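Quick notes on the structure that follows.
What you are looking at is a predicted structure, and each value in this text was computed from that prediction instead of being measured.
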Number of protein chains: 2
Amino acid sequence: MSSKTSPSASRKPEPERVKQSLRVWLKMLKATKHVEAVVRENLRVEFDTTLPRFDVMAALYRFEEGLKMSELSSALRVSNGNVTGIIERLVSDGAVLRVPVAGDKRAMLVRLTQRGRDEFARMAAAHELWINEIFGSLPTDISAGLLATLDTIEHAQGLYSEGEHDA
Amino acid sequence: MSSKTSPSASRKPEPERVKQSLRVWLKMLKATKHVEAVVRENLRVEFDTTLPRFDVMAALYRFEEGLKMSELSSALRVSNGNVTGIIERLVSDGAVLRVPVAGDKRAMLVRLTQRGRDEFARMAAAHELWINEIFGSLPTDISAGLLATLDTIEHAQGLYSEGEHDA
DNA sequence: TGGAAATTATTCAAGCTTGAAATTTCATGC
DNA sequence: GCATGAAATTTCAAGCTTGAATAATTTCCA
């Protein structure tokens with residue numbers, strides 16, 4: 001770990017590089033928050049729902065057979081207790097169904113109801129358009145470059161949070 | 001608005017472009033959340049504080065003379081009531097001071113105490129290193145390109161949330 | 001002046017989020 | 001069988017976040 005020539009060597013990072021790193025991060029954070037705010041607002045106004053609910057439904061939509069609570073929380077990278085509350089509300093709204101897992105009395109399988117599926121399908125279609133409204137004007141090569149750079153960032157550090165990678 | 005040749009024209013966006021937009025957004029969101037999680041965790045473990053508190057202190061550090069509550073919330077782009085609670089806790093921790101504004105009995109000026117300034121200075125120094133740990137390995141040209149692309153994104157849509165721009 | 005409108009801030013209810021503790025159930029080894 | 005630890009989930013306290021409602025003050029302008 002921490003070779004002498006690594007750009008992240010622990011001694012004396014060049015101030016100009018640090019400054020640029022900070023600039024990039026702050027701008028990335030700002031842009032992301034901006035897009036998130038747009039999505040949140042649109043979900044609220046057009047579908048009377050929230051981003052966390054949307055995220056949960058997206059995960060469940062993808063796994064038609066359902067997910068265990070623990071699978072769900074790790075897929076969304078949020079805490080266990082968090083998902084409990086969101087699912088609770090989705091269940092009482094009739095969008096989600098809880099079914100016991102055969103052979104394991106601890107676990108619960110969580111699945112979209114038909115109504116939940118229909119509802120999410122509509123939201124997802126709108127969501128695609130909102131996102132395309134923002135990102136759709138990027139030239140193809142720029143877009144591809146951005147994707148590649150973001151990939152780098154995601155993997156470009158090993159000092160903190162050496163968690164599990166892509167699902 | 002919405003010219004016939006605009007890439008975000010309201011009719012029939014090309015599916016391949018939409019798909020790419022979605023890919024880029026999801027990756028950007030993921031990368032941002034990853035960095036945020038690192039910062040949050042480090043703030044918690046090394047300084048026993050939270051990201052919202054850090055953000056508030058960063059804004060107050062920048063404006064030594066202090067900020068009004070409304071200026072603070074609009075600088076951070078969060079709701080009014082939100083700031084109230086965070087400041088409340090910072091005040092009771094001795095990091096922030098409230099002073100009435102001369103000539104306006106409604107307004108309150110909020111300012112870091114010396115202790116708050118010292119505390120933030122230490123956190124900011126560490127924060128720079130964490131961020132550089134992640135972004136510092138990006139080649140200069142890539143980094144500059146990312147910055148430019150993010151700028152584009154921030155300004156690349158006028159349909160939703162036509163809010164005020166940079167401070 | 002005097003009153004409608006705007007500004008500033010707090011309060012409130014609802015929901016999101018976390019990390020830790022508690023609970024129940026399962027798996028393993030002896 | 002049975003204890004011990006691991007796994008799945010919920011509960012909990014604390015804090016964050018929002019949008020709406022309220023309250024106090026200031027501004028504007030007729």
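Within 6.0 Å of CD in A:Glu65 there are more than 12 heavy atoms belonging to other residues, nucleotides or ligands. For A:Asp141, the CG atom is densely surrounded, since the number of other residues' heavy atoms within 6.0 Å is greater than 12. The number of heavy atoms from other shown groups lying within 6.0 Å of CD (A:Gln114) is above 12.
The nearest heavy atom of DNA chain C to B:Glu88 and to B:Lys68 marks one nucleotide each, and the one closer to the 5' end goes with B:Lys68.
A:Thr49 pairs in a side-chain contact (heavy atoms from CB on, under 4.5 Å) with only one of the listed residues (A:Arg44, A:Met123, A:Arg40), which is A:Met123.
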Tabulated below should be each protein N or O lying under 3.5 Å from an N or O of nucleotides 15-17 of chain D; please produce it.
| from | atom 1 | to | atom 2 | distance (Å) |
| --- | --- | --- | --- | --- |
| D:dC16 | OP1 | B:Thr50 | OG1 | 3.1 |
| D:dC16 | OP2 | B:Arg89 | NE | 2.3 |
| D:dC16 | OP2 | B:Arg89 | NH2 | 2.3 |
| D:dT17 | OP2 | B:Asn82 | ND2 | 3.4 |
| D:dT17 | O5' | B:Asn82 | ND2 | 3.3 |

Show me the protein contacts with nucleotides 26-28 of chain D, counting only N or O atoms at under 3.5 Å.
| from | atom 1 | to | atom 2 | distance (Å) |
| --- | --- | --- | --- | --- |
| D:dT26 | OP1 | B:Lys105 | N | 2.9 |

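The CE atom of B:Met108 sits 19 Å away from the P atom of D:dA23 (whole-angstrom rounding). As rounded to whole Å, 13 Å separates atom C1' of C:dA14 from atom CG of A:Asp93. Atom CD in B:Glu41 sits roughly 10 Å away from atom C1' in C:dG19 (whole-Å rounding). Spacing between atom CG of B:Asp48 and atom C1' of D:dA14 amounts to 12 Å, rounded to whole angstrom units. One atom, CZ of B:Arg77, and another, C1' of D:dG19, lie 18 Å apart when rounded to the nearest Å. Rounded to whole Å, the distance from CZ on A:Arg98 to C1' on D:dT9 is 10 Å.
Judged by a 6.0 Å distance limit and a 45° cone about the ring axis, A:Arg117 is positioned over the six-membered ring of A:Tyr61.
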What do the steps show when you test A:Asn132 against A:Glu128 for side-chain hydrogen bond (donor to acceptor under 3.5 Å, both in side chains), and what is the final call?
CA-CA 6 Å; A:Asn132 193 59; A:Glu128 275 192 353; over 6 Å; no
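The side chain of A:Arg44 approaches D:dA20 more closely than any other nucleotide in the set C:dT8, D:dA20, D:dT9. Nearest nucleotide to the side chain of A:Met69, out of D:dT9, C:dA9, D:dA20: D:dT9.
For the salt bridge (charged side-chain N to carboxylate O under 4.0 Å, His left out) test, residues two or more places apart in sequence or in another chain that qualify with A:Arg23 are A:Glu16.
The aromatic ring centres of B:Phe47 and B:Phe54 sit 6.0 Å or more apart.
The side-chain heavy atoms of A:Val101 and A:Met108, taken from C-beta on, include no pair separated by under 4.5 Å.
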